[in-house]
Amino acid sequence: MIERHGELGFEEVNVMIIEDVWFELKDGRKALLRSPKEEDIESTLEYLVISAKETEYILRYPEECGKYTAEGEKILFEQKNASPNEAMIMCIVDGKVIGNCEINFFKGIKTRHRANVAIALRSEFWNQGIGTKMFQEMIRLAENREGVMQIELDFVEGNSRARHLYEKMGFRITGVRPNAVRLKNGTLLNEYMMIREVKR
């Protein structure tokens, strides 16, 4: 069941603030999707480290998370919330950030028909319907944006869980970047590009 408090409203400066979207996880818990707030900073810093430890498919190692600071996250949140061309959506369960996603709209005349999305989620919350709900919100944003024709994303070779979600949400593979990721043990992994046409 989904409870929505407020709909996406393009304000006078056309910023994309995501109002509260409550929904129920498969295990019965409540989850909240919304734009980031200052109160999320500490939990976000913790989430960045935990998620980086849980999979090789996030493009950072845990020790690289030291570059993230409370002040930096505060600035990032403010920039995202003030931007007319990008939106960040946090997923919060029991008061903690457990995942997030972003959508970025290209700005150039030749490329403004395109949008790019990214998503990450703590493994404890996989298979709870969160990824699907996040994508529904990002797709809704793209559909509400005049002139956007396609949504793009990338995933790392071997990330079959993500690929399954993306294909379920209507994305298809369109290309490959050979050896785009190199792990500490020297393993080289391809990165695949996917596209979903925007339907209205």
Side-chain angles (χ1 to χ4, degrees), residues 5-22 31-108 111-112 114-126 130-131 133-142 144-145 148 151-156 159 162 165-166 180-181 191 193:
H5 302 286
E7 291 293 329
L8 171 70
F10 289 99
E11 301 176 4
E12 290 184 8
V13 291
N14 291 327
V15 298
M16 291 180 289
I17 299 297
I18 312 306
E19 302 296 341
D20 291 4
V21 178
W22 287 96
L32 169 64
L33 299 183
R34 60 159 168 75
S35 291
K37 297 182 179 180
E38 190 168 347
E39 66 197 57
D40 300 327
I41 291 173
E42 183 178 341
S43 184
T44 297
L45 292 171
E46 180 182 2
Y47 150 75
L48 289 169
V49 175
I50 292 173
S51 59
K53 289 178 180 177
E54 293 178 327
T55 175
E56 296 280 17
Y57 304 122
I58 289 179
L59 298 181
R60 63 177 179 272
Y61 278 110
E63 61 268 26
E64 295 179 290
C65 294
K67 65 185 177 183
Y68 302 121
T69 64
E71 182 58 30
E73 292 303 295
K74 182 175 185 292
I75 293 170
L76 177 66
F77 290 175
E78 290 172 349
Q79 289 174 341
K80 295 289 183 183
N81 289 339
S83 173
N85 295 306
E86 51 191 335
M88 177 182 284
I89 304 175
M90 316 303 282
C91 183
I92 298 163
V93 177
D94 296 330
K96 286 191 169 286
V97 173
I98 58 85
N100 75 340
C101 59
E102 294 186 41
I103 184 166
N104 298 282
F105 295 99
F106 289 65
K107 293 178 277 188
T111 57
R112 61 189 175 198
R114 300 164 59 196
N116 181 268
V117 297
I119 184 172
L121 187 66
R122 284 180 52 181
S123 64
E124 178 186 349
F125 296 90
W126 292 349
I130 296 172
K133 190 63 197 152
M134 284 179 164
F135 265 100
Q136 288 172 345
E137 287 299 303
M138 291 189 291
I139 290 168
R140 182 176 65 85
L141 290 173
N144 286 343
R145 178 87 165 202
V148 173
I151 310 170
E152 305 169 11
L153 60 78
D154 302 327
F155 76 92
V156 177
N159 194 354
L165 171 63
Y166 303 156
V181 173
E191 191 171 54
M193 296 163 278

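One-based numbering along the sequence shown.
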- [ ] Give me the one residue out of Leu33, Ile89, Val117 that meets side chain to side chain contact (heavy atoms under 4.5 Å, CB included) with Cys101.
- [x]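 When side chain to side chain contact (heavy atoms under 4.5 Å, CB included) is applied between Cys101 and each of Leu33, Ile89, Val117, only Ile89 qualifies.
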Any Lys/Arg nitrogen of [X] or [Y] sitting under 4.0 Å from an Asp/Glu carboxylate oxygen of the other?
X	Y	result
Glu152	Arg114	yes
Glu137	Arg140	yes
Asp40	Lys96	no
Lys74	Glu39	no

Open item on the list: I'd like to know whether CD of Glu78 has more than 12 heavy-atom contacts from other residues, nucleotides or ligands below 6.0 angstrom.
Closed with: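 Atom CD in Glu78 is packed in, count exceeds 12.
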Side-chain ([X]) to main-chain ([Y]) donor-acceptor, under 3.5 angstrom:
X	Y	answer
Glu64	Tyr61	yes
Trp126	Leu121	yes
Asn85	Lys107	no
Ser51	Tyr47	yes
Glu54	Ser123	yes
Asn159	Val156	no

Task: Row check, Phe106 ring normal vs Arg112 NZ/CZ: under 6.0 Å, within 45° - done: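 No, Arg112 and Phe106 do not form such a contact.
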TODO: Report the distance from atom CG of Leu153 to atom CG of Leu165, rounding to the nearest 0.5 Å.
DONE: 9.0 Å
